[in-house]
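Worksheet for the structure shown next.
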Amino acid sequence: MKKKTLVPLIIFLLGICLVGFIVYKTDTHEKNERHITAQLNATTYGERIKNEIASGIEITDALKQILISENGEINQFDTIAENLMSASIESVQLAPDGVVTDIYPAEGNEAGKIDLIHDKDRGEISCYARDNHTVITQGPFELKQGDYGIAVRNPVYLTDTNKQEYFWGFTIVILRVPDIFSDSIYALSNFGYEYRISKTASPWSDTYKVIYQSDGSLTQPVSYDFKIGAENWRFEIPPPKRMAK
């Protein structure tokens, strides 16, 4: 091949390679940016979801402190529980010795007065909370009203006259799903994100089950993991398909 023909061909091929390299680097950079953005959002909203659940635990902690200070008694439970209620709380409960005796609001929640320790669906995890001094979450399960809820059970321990600790029972809140996540879900939906919230099936399990998720599929999602009581939670979102301009 003549030199005058070869040189333009080499320049042409080098040009194609250079353009391909630039396109590759640009695409890789954009993918990295999308991944970083998704990870930042997963962390931000995952932490927000954690705090939303923690707000329910704080209610059980408040009742727990009253019981400890009053040696296992709560006077005017309905009045106290009413002041602790919020839009995402289905009910507030007391379970001395593991048996639910007080529920606010009482109307429509009569079926909730059960023996947690000996119940076939709640007994094992309730005993775990009692024996390991830890908050547990269970659910979601269908509520009688047709919605879904997550139970938060916080074990309470008192000290007898011999300074020996003993199990008093549980303070409990039932969180409405998805109401408890509503602020985060609304914001993510506005940004066009799909999402999935999962938790371990029990404190002794590594298997995750979905608590709530969007309708769309999640492709190569990033995740934010956090702990609530004795259980691990995971919040996942996929990188956006394109970066906002």
Side-chain angles (χ1 to χ4, degrees), residues 31-61 86-90 121-122 124-129 131-143 147-155 170 172-244:
K31 284 181 179 178
N32 288 338
E33 278 196 331
R34 291 201 303 267
H35 187 275
I36 291 170
T37 299
Q39 190 63 67
L40 287 171
N41 279 316
T43 301
T44 298
Y45 288 99
E47 190 66 20
R48 184 181 293 185
I49 288 169
K50 176 183 176 181
N51 291 335
E52 287 166 347
I53 301 168
S55 67
I57 296 176
E58 288 171 0
I59 292 176
T60 67
D61 281 335
S86 68
S88 60
I89 304 297
E90 174 65 23
D121 297 320
R122 302 166 180 83
E124 188 175 15
I125 195 169
S126 296
C127 288
Y128 183 95
D131 298 340
N132 290 275
H133 292 57
T134 186
V135 173
I136 58 95
T137 57
Q138 188 175 15
F141 48 84
E142 190 169 4
L143 302 171
D147 297 322
Y148 286 84
I150 294 175
V152 177
R153 303 191 192 105
N154 194 341
F170 296 106
I172 304 167
V173 296
I174 307 298
L175 308 175
R176 290 197 189 106
V177 177
D179 304 43
I180 190 67
F181 313 126
S182 59
D183 289 345
S184 297
I185 288 171
Y186 179 77
L188 287 165
S189 297
N190 282 345
F191 287 132
Y193 275 102
E194 304 296 336
Y195 52 84
R196 180 165 59 223
I197 305 168
S198 309
K199 67 179 285 291
T200 46
S202 67
W204 54 86
S205 173
D206 294 328
T207 302
Y208 282 80
K209 68 174 184 177
V210 176
I211 299 297
Y212 195 73
Q213 64 182 354
S214 58
D215 294 331
S217 60
L218 277 68
T219 303
Q220 296 182 325
V222 298
S223 65
Y224 177 73
D225 293 347
F226 56 93
K227 201 172 186 69
I228 295 289
E231 291 148 312
N232 296 312
W233 290 64
R234 177 170 294 159
F235 173 62
E236 299 171 280
I237 61 174
K241 294 181 180 178
R242 62 181 65 86
M243 296 296 295

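Inter-residue side-chain proximity for Ile89 and Ile174 is flagged as unmet; no heavy-atom pair is nearer than 4.5 Å. The side-chain heavy atoms of Pro221 and Ile237, taken from C-beta on, include no pair separated by under 4.5 Å. You'll find the side chain of Ile125 reaches within 4.5 Å of the side chain of Glu231, heavy atoms only. Between Ile53 and Trp233 the shortest side-chain heavy-atom distance falls below 4.5 Å.
Counting non-hydrogen atoms of other residues, nucleotides and ligands closer than 6.0 Å to CD of Glu142 gives a total above 12.
The CG atom of Asn154 sits 11.5 Å away from the CD atom of Glu58 when rounded to the nearest 0.5 Å. Rounding to the nearest 0.5 angstrom, the gap separating the OG1 atom in Thr60 from the CZ atom in Phe170 is 11.5 Å. Atom OG of residue Ser198 and atom CZ of residue Phe235 lie 10.5 Å apart, to the nearest 0.5 angstrom. To the nearest 0.5 Å, the span separating CG on Asp206 from OG1 on Thr200 amounts to 8.0 Å.
Distance alone, capped at 3.5 Å, places no donor-acceptor pair between the Asp147 side chain and the Leu143 backbone.
In terms of heavy-atom proximity, Ile211 sits nearest to Val177 at O-CG1, 4.3 Å. Scanning all heavy atoms of the two residues, the minimum distance from Pro155 to Ala129 falls at CG-O, 3.6 Å. Taking each heavy atom of Phe141 and Ala151 in turn, the nearest pair found is CE2-N, 3.7 Å. Among all heavy-atom pairs drawn from Gly229 and Thr134, the shortest one is C-OG1, 3.7 Å. For the pair Ala38 and Pro239, the tightest heavy-atom approach, listed with the atom from each and the gap, is CB-CA, 3.6 Å. Here the shortest heavy-atom pairing between Thr137 and Lys199 reads OG1-CE, 3.1 Å.
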| Would Asn232 and Tyr208 count as a side chain to side chain contact (heavy atoms under 4.5 Å, CB included) if you check the C-alpha gap in whole Å, the side-chain angles of each, and the deciding distance to 0.1 Å? | CA-CA 8 Å; Asn232 296 312; Tyr208 282 80; 3.4 Å; yes
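Between the side chains of Arg122 and Gln138, no donor N or O sits under 3.5 Å from an acceptor N or O.
When the side-chain hydrogen bond (donor to acceptor under 3.5 Å, both in side chains) test is applied to Asp225, the partners found at least two apart in sequence or on another chain are Arg234.
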Kindly list each side-chain donor-acceptor pair under 3.5 angstrom involving residues 190-197, sequence neighbours excluded, with atom names and distances?
unit_1: Tyr193; atom_1: OH; unit_2: Asn41; atom_2: ND2; d: 2.8
unit_1: Glu194; atom_1: OE1; unit_2: Ser214; atom_2: OG; d: 2.6
unit_1: Glu194; atom_1: OE1; unit_2: Gly216; atom_2: N; d: 3.0
unit_1: Arg196; atom_1: NE; unit_2: Glu236; atom_2: OE1; d: 2.9
unit_1: Arg196; atom_1: NH2; unit_2: Glu236; atom_2: OE1; d: 3.3
unit_1: Arg196; atom_1: NH2; unit_2: Glu236; atom_2: OE2; d: 3.4

Below 3.5 Å, can you tabulate the donor-acceptor pairs from side chains in residues 178-186 to any protein atom, sequence neighbours excluded?
unit_1: Ser182; atom_1: OG; unit_2: Asp179; atom_2: O; d: 2.9
unit_1: Ser184; atom_1: OG; unit_2: Glu52; atom_2: OE2; d: 3.4

